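Okay, structure first, notes after.
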Amino acid sequence: MALPKRQTDIGPPKYDQFIPPVVKKNYGKWKYHEVLSGGTMVHVAESGDKLYTVRVASPRILSTETIREICDMAEKYCDGYLRFTTRNNVEFLVSDQSKMEPLLAELKAKKYSVGGIGPRISNVVHTQGWVHCHSACTDASGLVKAIMDDVYEYFTTKELPNKVRLAVACCVNMCGAVHCSDIAVVAVHRKVPTIAHENVQKVCEIPTTVASCPTSAIRPDPKNKSVIINEDKCMYCGNCFTVCPPIDIHKPEDDGVAIVVGGKIGSLRTSPKFSKLAIPFFYNEPPRWPKVVAAIRNILEVYAKNARKHERVGEWIERIGWEDFFNLTGIEFTFQHIDDFTFARDTFRTSAAFKYSK
Amino acid sequence: MALPKRQTDIGPPKYDQFIPPVVKKNYGKWKYHEVLSGGTMVHVAESGDKLYTVRVASPRILSTETIREICDMAEKYCDGYLRFTTRNNVEFLVSDQSKMEPLLAELKAKKYSVGGIGPRISNVVHTQGWVHCHSACTDASGLVKAIMDDVYEYFTTKELPNKVRLAVACCVNMCGAVHCSDIAVVAVHRKVPTIAHENVQKVCEIPTTVASCPTSAIRPDPKNKSVIINEDKCMYCGNCFTVCPPIDIHKPEDDGVAIVVGGKIGSLRTSPKFSKLAIPFFYNEPPRWPKVVAAIRNILEVYAKNARKHERVGEWIERIGWEDFFNLTGIEFTFQHIDDFTFARDTFRTSAAFKYSK
Amino acid sequence: MSGKYKTPMLDELEKGPWPSFVTEIKKAAKKSPMADDELGQLEKSYVTKRGYWKHGGIVGVLGYGGGVIGRYSSLPEEFPGIAHFHTVRINQTSGFFYTAKALKEICDIWDKYGSGLTNMHGSTGDLVLLGTTTENLEAIFAEYSSRGWDLGGSGSAMRTPSCCVGPGRCEWACIDTLDITYNLTQEFQDELHRPAFPYKFKIKTAGCAVDCVAAIARADLSIIGTWKGNIQIDQAEVKKYAGSGMNIQAEIIDLCPTECMNYNNGEIKINDAQCSRCMHCIAKMTKALRPGKEKGATLLVGSKAPIVVGSLLSWVVVPFMKVEPPYTELKTIIRSMIEWWDDTAKPRERIGEVLEVKGMRPFLEHIGVPPQPQQVKEPRKDPFFFWAESDFKK
Amino acid sequence: MSGKYKTPMLDELEKGPWPSFVTEIKKAAKKSPMADDELGQLEKSYVTKRGYWKHGGIVGVLGYGGGVIGRYSSLPEEFPGIAHFHTVRINQTSGFFYTAKALKEICDIWDKYGSGLTNMHGSTGDLVLLGTTTENLEAIFAEYSSRGWDLGGSGSAMRTPSCCVGPGRCEWACIDTLDITYNLTQEFQDELHRPAFPYKFKIKTAGCAVDCVAAIARADLSIIGTWKGNIQIDQAEVKKYAGSGMNIQAEIIDLCPTECMNYNNGEIKINDAQCSRCMHCIAKMTKALRPGKEKGATLLVGSKAPIVVGSLLSWVVVPFMKVEPPYTELKTIIRSMIEWWDDTAKPRERIGEVLEVKGMRPFLEHIGVPPQPQQVKEPRKDPFFFWAESDFKK
Ligand code: SRM
Ligand code: SRM
Ligand code: SRM
Ligand code: SRM
Ligand code: SF4
Ligand code: SF4
Ligand code: SF4
Ligand code: SF4
Ligand code: SF4
Ligand code: SF4
Ligand code: SF4
Ligand code: SF4
């Protein structure tokens, strides 16, 4: 069968072909919204028109079969109009209020999870993991599934002081929003990479490899036409592996994940914040990483219990101080917590005022 | 005349020989104090005993003649007991309240300045300047005299929202507390040093000289047995001059001073803070540096008018934001204000929330 | 076709209430041997705790330098279906709006040429088609492009711009995020498809400082909507919030970072000159408070992930500019930014990293933006600063 | 003797209410030709806007490596009196306490051998004698040391420790600053007088977090008094403050950084577990509030001036330790800190600079202090962290 004629440099189709009539009519003229439940809301336009949204969880990896099922429902209840959110949920865009109940009923019947709106946990921003990436030091999708099964109530119904944004990155490249998340998981190595010297000369550019190391741990080894890694300087970032695959950073028995907390993105109240290290290491324990899941729940519950209304995790911690975060969560403070990288100087405490540990 | 026999490694005489009896008796057992006036206070011990203090300004450079005069008064009114403060004022330690009035009267007659206690300006921490240091890029004592003459009312009587600590450093070595002062003056160069190449090889160690440069602007010049400075990298710190005098950093016509603000030392309320650049440059205008003096008064008055009670200059600025500091003081914001040194990254604004300029 | 592998580990992840990616892979595996082998290899990863993917080679479509991530199993004998398992990045629509019809068509093509698995969406924003072979790439491209879809970016190129839903649904949108994103994507077609930059360059546009697209954290250029002038207050609605039990003092006034609000006699007053437009009060009292009327955007530059000198958040460069069709001023300044970066960066250096190394001044001078206090949290602390000849002339 | 020079510029600085250093120099110049030439050269500096001092050469007294700063005029023909104009650093007493008798004796000797000018005191704390010649140094040393005074430090050595007035007058002193300073000065006599360190090392001791000696900003080791347990409250005095017009809510409660205070029914309550011991409330209500009873000190390390990588403030290393005579534990940990620095630093590298380069861990391990959240403002942001073999054994 002949292929259709290819086009180049056309960019994506224009969005206006995909927005429902009520949006077209009220484009940029929205007045307010109301959250109706953990997964539904209504936006009211200046004209009085209303747009109902039903948000549904997605594992992000979607089969075409599931997409079609979703599309079928969209056609049935909202003239085929739907969108995805920036956190990979599905949103049904309903113009006709009377369709809401049947839509919700069908979603329930088909076991879709409605939620993620308001001061709750929404979907987890995450990346490829063992599913697709050569760099992965854990699996992202599995961690997400295990975590969300556990905190599920906070997606669907239960409220928190404010939104809690979770993320998972399967290596320190951090193709997600781990560096600015309320609570996030990032996979880390803990051992110096081993070098398949015989392959280095075949596959790698030595100068590029040497230059790739942020801590200058790599120097050329002209004798072996390879490179040498200074064990004391290497902090296992894997950047050398990215540019030179024979430098193997993967050590299944020593690899695992760290938990970071307190990041945020919006400028509301306080400036955007980076996440900071809470727990430096858990071993990979597929399929359900129980210790990681328990640790996240612990942090979440201590936050839920202690934070004030509208306080994000990072805002709460900054109010009470990190000393107290460690006090309250019972998390052990280790040498790994003390920064010795780019920002170190600015993280050392330069004040005689601080709280003691219990 | 034969010299007395020298002793070594004896350290200073023990303090207990110099403290007045009331202090000896109540050592470590003070209960509270009261500020009686801009330059007097009383400390009350648990025993009920009282120690009166009269604080007197000092130019820090003191002739033996003046010291003797001060000592005479100390003998007359407080059994010879006196001390100096950490900011170089003189304190008469009076045990007998009835001596206070005559002491104050004599001080007044002799034109001593009583003050510096409470929410006021105290003495200016400063350093040698042209009086004694080879490194000086301005004179410290002269600047201090000019500034204090101008803000004198805030030393003796007038109150401010809180203490305002001034400092003057005659070069970026900063032998004072400029880096953590409410308002301070630091002398700066603005031109790349000139090198007396013929002397370099005589006086300097080339590797030390090269290593001394924080921005790696210096490289060896083997041909001339000297060094070369990369003009683009040099930020005129003068560290090369410290280790290699033939590299002359002094350019009287281009040198001058910068004003920094917002530093603090104590941990009360907010953490100690570094001072930040307010005005990058004024020419040296001895003997009275009128523009510098006017600029300090401007900042001081804007602070006095706008800050809340107990707010230090830096606390006030952080509450209103630096945008507003520049708004309110009318100081121009320049490229020099934007950090491009060690801490740069952390000073760039990473938030969508900020105030506009007028 | 499916069920070639026993997957006890992964089966665990079909339990529980959250939708299961394993179920999705199994669904695809019913039709696609690729998906089935993916399942098998993934189970193996779960057992041995490591991935089995080789570094990607360079694969793509004619005339394009990116848009496809090459991926090969390191166990091709064991899992022949995924010997090749490339992903195809398709430009999503602005704001991720679709019709069922369009999506189904996308699925049909994908079932024909790929694994039947997708990522809706990738972290950068693309619609990601997960797993195909090198020989199918041209066909895939022809099918999609003929229907109006184009490839996204990869490699040292502009990446697919992305944005929040903005005026498409949100009452706070100060700029037309959807239209800006569409226009910029069109403007930079060449830069998107033919990698010639020092490294990747991402653009994200948020309608306001709430930043629902993480622009400030994940884009080399972050465009964030804002306003000048006074927050619009509807005092009647304020009273309703109070009536419905909101503690306005504690929840709104006390949390205003600039302390520019007060609440007295049931009315909110705002000293707008002091407001930093942080969006807190508006977000929590959406019926009563609305952004001011003069709309525009703040441009921030430089955010990225931590490799290799630590994460960066974007820095304020242009505090306020009008952003209106045809976006000429915006496009010009973006081109100027990229030009400076392109001239200055070493390979694999992001614009934020270069800016940190070179300092703000040369960049600001190049793009013609004056220094402003809004660009910094605070002025410098050290007394070491440069002077240019031009400073002496003043 | 005096009046050799016309000094119109400097004469300007005799006007105005603040005491004049020019007057001081003139007073000395009446007796000392050195002081007169100092005046002349200084006037010249005021005219030409530059100093006329050469780099100091190494001068000193037998058996000591420091304590004297060599200084030579670069215009010795023009100003022969200050061809040599060295300063002598004399250890001040703890807390700068003197008797008139002792001070007069100091003056008598100085008039005999020097310019008659002093600095009361130098920034580090020394009693600085300003201006003498090389040949007088031994005599000066013999005269002072025989009367119980010793030289201060200079060069790559321990510098004269310094402290606030502490228990000598202040109700907030949590440690005996005067005694600690005296003891440490005695303990480190050798290190003070014979430079053998990589660079200077300064110790400053403050009785509490108010830090009236700028310990946290200007000392390689900052010892700052503090307490454990509850702030002592005298509610009757609280009522008196309220009665005398203090707005306790605004001035005290609202400014407490940890929000651990409240004021109700005329009483102050403190949740001491949350108190960071910042000293604000105590300082502003000294009659009503007093530090807790279990006293000790926080040790912080590393502050310095900006040359060359930017200023540092001291970092918390030991959050709390008892500091009591004979201060054995304190002396041991200081020796251990210095040992680590001495072994690790490059020449002219201060301990704070080394710590920044090497990271906290090797230092803490060397001195035997465990990692604690008190040592940081916040944990690290990047995911790049080291593991030691010892971490795996756990
Ligand atoms: C649909 C979506 C935009 C899109 O284009 O897809 C969206 C939509 C809305 N966001 Fe958002 N936000 C969306 C991602 C984000 C993100 C980005 C992210 O998470 O990566 C953020 C930044 C998070 C951060 O700061 O770390 C975000 C921070 C907020 C906030 C700020 C919360 C706070 O106080 O810190 C609000 C305001 C609020 O909740 O009061 C908000 C409010 C809203 C409103 C109410 C705006 C409106 O009037 O329509 C929308 C529905 C609220 C809800 O979901 O609770 N949205 N929102 C995104 C939904 C993701 C999801 O599936 O859950
Ligand atoms: C005498 C002296 C100690 C000494 O050993 O010499 C001293 C003595 C006292 N200080 Fe101080 N401070 C002295 C230098 C300092 C310094 C150090 C410096 O300036 O280099 C500071 C840190 C400044 C900073 O944070 O930048 C300092 C910050 C304070 C504060 C904190 C003010 C604030 O709220 O930020 C207080 C408490 C207060 O004023 O309420 C204080 C309070 C006091 C008290 C009330 C303590 C007491 O109960 O005796 C003493 C008299 C108060 C006064 O002068 O107003 N003292 N005080 C120093 C006098 C210097 C001078 O001549 O003016
Ligand atoms: C597919 C995707 C993850 C996902 O599951 O969504 C992804 C996947 C990869 N990223 Fe990414 N990145 C993806 C979004 C991101 C993001 C998030 C974003 O764009 O908002 C980031 C963080 C933001 C940033 O740009 O810094 C990100 C930061 C990185 C980095 C670190 C770059 C840096 O300068 O710090 C690398 C490493 C590199 O480029 O060598 C990287 C490299 C990679 C590579 C190409 C692996 C490599 O080393 O060559 C991954 C291919 C995985 C695969 O086999 O499919 N990816 N990558 C995302 C792109 C999908 C899309 O087009 O929509
Ligand atoms: C006399 C004194 C200033 C004063 O007028 O009080 C002083 C004077 C000099 N200092 Fe200082 N420093 C003095 C206290 C300080 C302080 C403050 C302190 O100790 O609290 C500092 C800042 C804190 C610190 O230690 O960082 C200080 C930081 C410096 C530096 C920068 C050191 C650094 O690591 O950043 C230098 C440069 C150097 O060592 O090469 C320096 C160098 C000098 C030299 C020796 C000049 C030189 O480059 O060789 C000055 C000799 C001046 C002269 O001719 O008399 N001086 N110096 C102070 C010592 C008097 C005393 O013993 O009491
Ligand atoms: S975070 Fe790392 S492992 Fe995960 S998709 Fe990105 S590059 Fe691959
Ligand atoms: S893993 Fe990172 S730190 Fe270690 S050698 Fe490789 S590039 Fe360097
Ligand atoms: S600040 Fe500079 S010029 Fe002034 S005394 Fe110190 S080293 Fe000398
Ligand atoms: S003045 Fe400073 S920056 Fe310039 S060359 Fe000398 S040491 Fe380097
Ligand atoms: S970023 Fe602002 S405009 Fe965009 S969806 Fe979020 S709240 Fe609305
Ligand atoms: S937008 Fe933010 S700063 Fe402005 S009034 Fe509202 S809460 Fe205050
Ligand atoms: S530091 Fe504390 S103890 Fe020492 S004088 Fe100041 S307030 Fe008193
Ligand atoms: S000492 Fe500081 S933190 Fe503690 S109660 Fe008083 S004001 Fe609050």
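The chains referred to below are lettered A, B, ... by the order of the sequence lines, with proteins before strands, and numbering in each begins at 1. For clarity, every value in this text was computed on a predicted model and none was experimentally measured.
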Check your understanding: Among B:Ile147, B:Val124, B:Asn123, B:Val151, whose side chain to side chain contact (heavy atoms under 4.5 Å, CB included) with D:Trp18 holds?
Key -> B:Asn123

Point to revise | Qualifying residue for side chain to side chain contact (heavy atoms under 4.5 Å, CB included) with D:Phe97, from B:Asp16, B:Leu82, B:Ile19 | key: B:Ile19

Which one, [options], leads in non-hydrogen pairs under 4.5 Å with chain D?
options	result
B:Val90, B:Thr242, B:Val243, B:Asp79	B:Thr242
B:Thr8, B:Leu51, B:Val172	B:Thr8
B:Cys180, B:Gly28, B:Ser141, B:Gly266	B:Ser141
B:Asn88, B:Val44, B:Ile265, B:Asp9	B:Asp9
B:Asn284, B:Thr66, B:Thr53	B:Thr66
B:Thr127, B:Asp72, B:Asp255	B:Asp72

Side chain / backbone / both / neither for [X] at chain D, heavy atoms under 4.5 Å:
X	answer
B:Cys170	neither
B:Tyr152	side chain
B:Val131	both
B:Phe155	side chain
B:Leu93	side chain
B:Asp339	neither
B:Phe84	both

[X] and [Y]: which non-hydrogen atoms are nearest, and at how many Å?
X	Y	answer
D:Cys278	B:Ser267	CB-O, 3.4 Å
B:Asp139	D:Phe21	OD2-CZ, 3.9 Å
D:Asp108	B:Arg68	OD1-NH2, 2.9 Å
D:Asp179	B:Tyr15	OD1-OH, 2.6 Å
D:Ser123	B:Gly176	OG-CA, 4.0 Å
B:Thr86	D:Cys212	OG1-O, 2.7 Å

So [Y] and [X], do their side chains get closer than 4.5 Å, heavy atoms only?
X	Y	value
B:Lys145	D:Val22	no
B:Trp130	D:Lys49	yes
B:Gln128	D:Arg71	no
D:Pro17	B:Asp149	yes
D:Pro19	B:Ser113	yes

Sort [X] into side chain, backbone, both or neither according to what part of it lies under 4.5 angstrom from a heavy atom of chain B.
X	result
D:Thr87	both
D:Cys163	backbone
D:Ala283	side chain
D:Cys208	neither
D:Glu251	both
D:Glu237	neither
D:His55	both
D:Lys54	backbone
D:Val61	both
D:Tyr46	both
D:Leu117	both
D:Thr48	backbone
D:Arg277	neither
D:Trp110	side chain

Point to revise | Ion pair check, D:Asp254 and B:Arg308, cut-off under 4.0 Å | key: no

**Study point:** Salt bridge present between D:Arg169 and B:Glu91 (N-O < 4.0 angstrom)
**Key:** yes

So with a 6.0 Å cut-off around [atom1] of [X], is the heavy-atom count from everything else above 12?
X	atom1	answer
B:Lys29	NZ	no
B:Lys5	NZ	no
D:Lys104	NZ	yes
B:Lys31	NZ	no

Check your understanding: Has the side chain of D:Lys27 got a donor or acceptor atom that lies under 3.5 Å from a matching backbone atom of B:Ser63?
Key -> no

Review point. Using a cut-off of under 4.5 Å for heavy-atom pairs, which of D:Ala305, D:Ser45, D:Gly207 has the most such pairs with chain B?
Key: D:Ser45

Practice item. Go through the steps for D:Asp211 and B:Lys264 under the test salt bridge (Lys or Arg N to Asp or Glu O under 4.0 Å), then give the verdict. Key: CA-CA 10 Å; D:Asp211 198 357; B:Lys264 90 189 252 283; over 6 Å; no

**Study point:** Verdict with supporting geometry, D:Asn119 and B:Ile61, side-chain contact (heavy atoms from CB on, under 4.5 Å)
**Key:** CA-CA 5 Å; D:Asn119 279 155; B:Ile61 295 184; 3.5 Å; yes

Check your understanding: side chain to side chain donor-acceptor pair (under 3.5 Å) with D:Lys15: which residues, sequence neighbours excluded?
Key -> D:Glu12

Exercise for review: Check step by step if ring-ring contact (aromatic ring centres under 6.0 Å, His included) holds for B:His134 and D:Tyr72.
Suggested key: CA-CA 9 Å; B:His134 68 284; D:Tyr72 305 89; over 10 Å; no

Exercise for review: On the 0 to 90° scale, with breaks at 30° and 60°, tag the D:Trp53-B:His132 ring pair as parallel, tilted or perpendicular.
Suggested key: tilted

**Study point:** Residue pair B:Lys14, D:Gln186: steps toward the side-chain contact (heavy atoms from CB on, under 4.5 Å) verdict
**Key:** CA-CA 10 Å; B:Lys14 195 163 177 195; D:Gln186 292 296 344; over 6 Å; no

